[in-house]
2 protein chains.
Amino acid sequence: MRTYNEYCAIAQALDVVGERWSLLIVRELLLQGPSRYTDLRYGLPGIATNLLADRLRELEEAGIVRREEAPPPVATTLFDLTDRGRDLEPVLKALGRWGSPLVQRPIDDEEFRSHWLALPLEAHLVDRSPEKRPVTIEVWTGQHPVLVETRDGGIHVRPGKDEHADAVITATPSLVLGLMLNHLDLATAKKRGLKFSGDLAALRRVQPSR
Amino acid sequence: MRTYNEYCAIAQALDVVGERWSLLIVRELLLQGPSRYTDLRYGLPGIATNLLADRLRELEEAGIVRREEAPPPVATTLFDLTDRGRDLEPVLKALGRWGSPLVQRPIDDEEFRSHWLALPLEAHLVDRSPEKRPVTIEVWTGQHPVLVETRDGGIHVRPGKDEHADAVITATPSLVLGLMLNHLDLATAKKRGLKFSGDLAALRRVQPSR
DNA sequence: CAGCATCCGCTTTGATACTG
DNA sequence: CAGTATCAAAGCGGATGCTG
């Protein structure tokens with residue numbers, strides 16, 4: 001293992017998770033839960049397959065990732081975070097908060113996976129009326145829809161769709177984030193191609209104040 | 001610039017500060033303030049000089065580091081963090097907290113710089129009697145002493161020595177941390193080679209409860 | 001197909017030497 | 001002091017092949 005060889009907690013943390021791709025693998029497992037090798041590849045566009053195998057082995061040796069053989073009928077290898085791995089969530093949250101201003105730039109053909117929406121949405125949306133019945137918003141940004149739900153006074157995002165969602169939003173990732181994080185008003189977002197249907201109150205309930 | 005090319009704040013943050021050495025350079029500037037090239041090399045044992053020059057240029061282009069020509073009599077180039085660079089402090093704090101269990105392992109000849117003590121000490125020490133007059137503890141772990149001071153109800157660590165310090169501790173980094181973070185009692189620490197002189201109450205005042 | 005391992009060309013890193 | 005120049009070694013990315 002390449003190491004900075006310093007008696008410093010930051011340096012030693014970077015010894016373990018500072019290599020290319022390592023923290024993004026942890027991001028995938030945090031967002032997706034137990035995942036197959038193939039799912040990880042899908043969530044990490046551009047990773048070389050040998051590197052994914054290498055990193056998974058290193059993360060396993062470091063006690064961050066656990067490998068489990070799923071019993072039939074799944075009958076495949078699943079990778080999951082250990083508790084120690086899940087403890088990296090504050091690091092990823094801090095990185096995401098610091099990085100969010102960077103994402104605003106015009107996109108030049110960046111890769112996107114809809115489950116990545118969970119990070120900014122869970123970080124910035126709120127439930128302004130936790131005493132009312134829960135609401136669900138279905139969001140389409142590509143192939144796979146995600147559901148944004150109020151739960152326990154907070155916001156939860158998960159892959160899936162719901163026939164009875166209170167509202168449905170379809171648009172590019174940047175339009176979805178612009179609207180939901182309240183940087184863009186609905187009329188402007190619609191003018192730029194966003195589709196909204198359903199109950200506007202559901203959206204208002206979760207949007208942060210400007 | 002090598003990039004993950006993802007529409008994700010974490011990935012874009014790592015595009016900017018995820019390369020080898022980058023976050024450690026930020027650590028040095030956070031701990032030391034405006035620094036000369038030579039000071040940075042001292043605080044980053046093992047870095048190749050061309051890499052330090054490369055990284056400083058990249059961090060400057062990313063708006064994280066600022067380069068200033070100090071006027072005479074200093075008459076040298078100083079590197080400092082921008083506000084945007086200082087915003088990385090929560091990321092480093094989170095990494096340090098996650099990494100701190102790793103540091104406990106037996107040390108095999110790791111590099112150490114006394115100003116690195118500021119991170120764990122400011123993170124874990126407390127001022128249990130902020131109403132009393134401030135106290136100062138002088139800590140020697142190598143060539144350069146640091147001063148641990150109570151200030152504004154918290155703890156501040158800075159390079160330097162003080163003839164009138166309330167207490168003086170001399171030991172290896174791991175013994176100093178063991179004692180001050182209250183993982184090790186004074187008798188044990190002394191048995192292992194730690195030297196303590198002065199007012200024990202000053203130490204007790206800042207130690208966290210076990 | 002899932003989960004790798006191998007090979008190859010390219011880039012990045014690290015060690016050392018040298019310069020204005 | 002603050003870098004640049006050079007070069008070998010390691011790491012990375014892409015393509016492909018292998019195995020259950």
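What you are looking at is a predicted structure, and each value in this text was computed from that prediction instead of being measured.
- Each of dG3(D), dA2(C), dG14(C) was ranked by its minimum atom distance to the side chain of R20(B); first place goes to dG14(C).
- A 4.5 Å side-chain heavy-atom check between E149(B) and V135(B) finds every atom pair outside the cut-off.
- Ring geometry, Y42(A) versus H144(A): the interplanar angle exceeds 60°, so the pair is classed perpendicular (tilted spans 30 to 60°).
- In this structure, of dG3(D), dA5(C), dG11(D), it is dG11(D) that holds the atom nearest to the side chain of R2(A).
- Across dC4(C), dG14(C), dT6(C), the shortest atom-to-atom separation from the side chain of N50(A) is found for dT6(C).
- Side-chain nitrogen and oxygen atoms of T49(A) include none within less than 4.0 Å of the OP1 or OP2 phosphate oxygen of dC4(C).
- Of the side-chain N and O atoms in R36(B), none sit less than 4.0 angstrom from OP1 or OP2 of dG3(D).
- Each of F79(B) and I47(A) lies near DNA chain D, and the nucleotide nearest F79(B) is the one positioned closer to the 5' end.
- Nucleotide dG3(D) holds its P atom 7 Å from the CG atom of L56(B), rounded to whole Å.
- Taking the charged nitrogens against the carboxylate oxygens, R66(B) and E60(B) have no contact shorter than 4.0 Å, which rules out a salt bridge.
- For R57(B) and dG3(D), the shortest distance from a side-chain N or O to OP1 or OP2 is not below 4.0 Å.
- Nearest to the side chain of Y37(A), among dG3(C), dA5(D), dT13(C), sits dG3(C).
- In this entry the distance linking CG of L52(A) with C1' of dG11(D) reads 16 Å, nearest Å.
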